[in-house]
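Computed from a predicted model, the values in this text were never measured in an experiment. Below, chains carry the letters A, B, ... as their sequence lines are ordered, and counting in each starts from 1.
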Amino acid sequence: MAILNCSKLSKYYGNKAALNGIDLSIEPGRIVGLLGPNASGKTTLIKICAGLLTPSSGEAYIGGMSPGIETKAVVSYLPENSYLNNWMKVSHMLAFFEDFYSDFNLAKAQEMLKNLGIDENQSLKSLSKGTKEKVQLILVMAREAKLYLLDEPIGGVDPAARDYILNTIIKNYNPEASVIISTHLIYDIEQVLDDVVFIKNGEIALNTPVDDLRENHGMSVDAYFREVFRC
Amino acid sequence: MLSKLMKYEFMAMGRIFLPLFGALLIVSAITGIFGLLDLTVPTGISIAVSIMLIVGIFVVVFILTIQRFWNNLLASEGYLTMTLPVSTDRLIISKLLVASVWNIVSIIVVVGAVLIMVGHGLPPLSVVMQGFDGSYFVTHEAVFIIVQLVIFLILCLFSGILLLYACMSLGMLVNKYRPLVSFGAYIVITTALQIITAITITVGIATGGFESFMNYAEGFSEFVSMQIFMWIAIGVVLLLCAAFYAITRCMLSKRLNLQ
């Protein structure tokens, strides 16, 4: 069964359609790149799946369920902006995740923090923006979730950490789980992707395995993206 | 899950309140000692500091009640809080209960601080208690009314906090100027409630409804008529709580729109 299934999903802000009747199905075990220019509807789609927005019409199902408490327990969501409680220490955030998510793997999170040289006893307020993003990504990836929704996960971190993060995503591979990554930085992530979904003006412009795209068009995802979305 | 939510809520607010409470209690103790020693100038200064701390505590209670809801549910932290596998009801109730507890504890600490400051000037408790002949305060009827009054006051506190929550949630109806819209919602709701109260009183007097109700209540004993008034008051506040809660819940579950 598809881990994510969207059927005629639409979201309007006033008269403006952010999503316009999207049909999308993501199978388990896939790493999917959700790619599109600014304001194409990527974040809106992710927010609906994370249970942060109610669709205007249509349905989104995660593991057969509409977004709610049950789906939030199996969806690991990384928003574009920082959501960390600034008054806490890194260790407090670990305890927080352990308290609320039964699928949180504390040892895994601690190992990743150690590998990236982040001290658990540091207060979040004292961390740089990039380090905060790393902490947030570690928290999200240390969950053993069914669906990972990563909205611009590598935008604010340096290239070295970017590689580490992408490796973490690949290493985290679980045949039961899928990862949806929304980003503009296609060149950096295309090596890890199984499928790509191009989204344009709230509609799906392309949904294909990466290998098929390379074979059929004879170019990389990055190059093809530039061609499709040429201004 | 409710207890876990409350734990973090207590931590978030406690880290600000506990030092403030500690400072107030220490300063009031110092004031008390200066007072005992009849040191006029130091007493005056420490009384001034205590008053500033007391005002500060009440301002912080108000600001934190708003800030914990706004920042944690409607602003950036909302991206985490609103994706936790917990119900909207639990999120609202945890915030409401913890904010209420800190409101009540603040009042207790302030009363305690005032007693510490002026304690030496008061007659001992045994003397105070002698002032009551004991006949009224020990009856179970009086205890019942006191309990009712406490329930009424707690519900008033709940309705005040839930009104703030409802107004902040209504701010999500727009994408810009949310604090301004929330403040506007507060003005509109409180004005509407005042108008409804004024109309009820006017109609009650004009139609003679109040008078016949008073006559009806007079037919009962003092205790029963007091009971009738208390239950009506509790019912009205409960209704307000339910309305503000429903607005907040609906906005958070159906119209959530984080920025």
Side-chain angles (χ1 to χ4, degrees), chain A residues 11-14 16 18 43-44 46-56 62 65-89 92-93 95-104 123-125 132 135-136 139-140 143 145 147 149 151, chain B residues 1-19 60 63-64 67-95 98 169 172-176 178 249-259:
Chain A
K11 177 71 186 176
Y12 291 91
Y13 293 111
K16 195 177 169 291
T43 296
T44 303
I46 286 183
K47 276 185 170 180
I48 290 175
C49 300
L52 284 178
L53 275 181
T54 317
S56 306
I62 290 121
M65 296 175 285
S66 292
I69 302 172
E70 291 86 2
T71 66
K72 287 173 183 176
V74 295
V75 169
S76 194
Y77 165 61
L78 178 80
E80 217 173 335
N81 33 0
S82 170
Y83 61 33
L84 299 171
N85 296 274
N86 260 334
W87 57 273
M88 285 187 178
K89 289 180 176 178
H92 286 141
M93 281 313 294
F96 185 92
F97 266 65
E98 209 178 14
D99 265 342
F100 287 101
Y101 296 110
S102 55
D103 60 5
F104 184 67
S123 94
L124 291 163
K125 208 188 292 179
K132 273 188 200 167
V135 170
Q136 206 160 292
L139 291 167
V140 168
R143 282 185 58 195
L147 179 64
L149 300 170
D151 199 354
Chain B
M1 283 293 185
L2 185 66
S3 58
K4 286 177 185 168
L5 287 169
M6 287 176 71
K7 179 177 88 177
Y8 286 97
E9 208 53 35
F10 269 117
M11 278 166 66
M13 293 178 94
R15 78 201 163 90
I16 294 168
F17 279 124
L18 294 179
V60 170
I63 291 174
L64 269 191
Q67 200 200 36
R68 280 301 299 164
F69 189 87
W70 186 275
N71 286 358
N72 202 238
L73 295 183
L74 308 179
S76 61
E77 288 171 24
Y79 283 88
L80 177 59
T81 316
M82 299 307 294
T83 49
L84 292 175
V86 291
S87 66
T88 310
D89 291 312
R90 286 206 164 97
L91 289 174
I92 303 171
I93 290 169
S94 65
K95 294 245 178 305
V98 175
S169 314
M172 281 195 296
L173 287 172
V174 294
N175 284 325
K176 280 182 182 174
R178 286 186 175 181
R249 190 180 188 282
C250 173
M251 290 302 300
L252 288 182
S253 51
K254 302 241 164 33
R255 303 295 299 264
L256 189 68
N257 184 10
L258 302 177
Q259 283 188 323

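Neither the backbone nor the side chain of B:Leu252 has a heavy atom closer than 4.5 Å to any heavy atom of chain A. Only the backbone of B:Lys254 comes within less than 4.5 Å of a heavy atom of chain A; no side-chain atom from C-beta onward does. At a 4.5 Å heavy-atom cutoff, the contact between B:Ser253 and chain A is made by backbone atoms alone. Looking at A:Tyr101, only its side chain comes within 4.5 Å of chain B, counting heavy atoms on both sides. Of the atoms belonging to A:Leu84, it is backbone heavy atoms, and not side-chain ones, that fall under 4.5 Å from chain B.
Highest contact tally toward chain B, considering only A:Thr71, A:Asn81, A:Leu53, is held by A:Asn81 [criterion: heavy-atom pairs under 4.5 Å]. Of the listed residues (A:Thr54, A:Leu52, A:Val74), the one with the most heavy-atom contacts under 4.5 Å to chain B is A:Leu52. Chain A forms the most heavy-atom pairs under 4.5 Å with one residue out of B:Ala12, B:Ala75, B:Ser87, and that residue is B:Ala12.
Remark: B:Lys7 NZ is packed, more than 12 non-hydrogen atoms of other residues, nucleotides or ligands lying under 6.0 Å away. Within a 6.0 Å sphere centred on CZ of B:Arg255, other residues, nucleotides and ligands contribute 12 heavy atoms or fewer.
The only member of A:Phe100, A:Phe97, A:Tyr77 that meets side chain to side chain contact (heavy atoms under 4.5 Å, CB included) when paired with B:Leu80 is A:Phe97.
Annotation: side chain of A:Asn85 is in contact with side chain of B:Asn72 (closest heavy-atom distance under 4.5 Å). Here the side chains of A:Trp87 and B:Met11 are in contact, with some heavy-atom distance below 4.5 Å. Using a 4.5 Å heavy-atom cutoff, the side chains of A:Lys47 and B:Tyr79 are in contact.
A donor atom on one side chain and an acceptor atom on the other are found under 3.5 Å apart for B:Tyr8 and A:Asp99.
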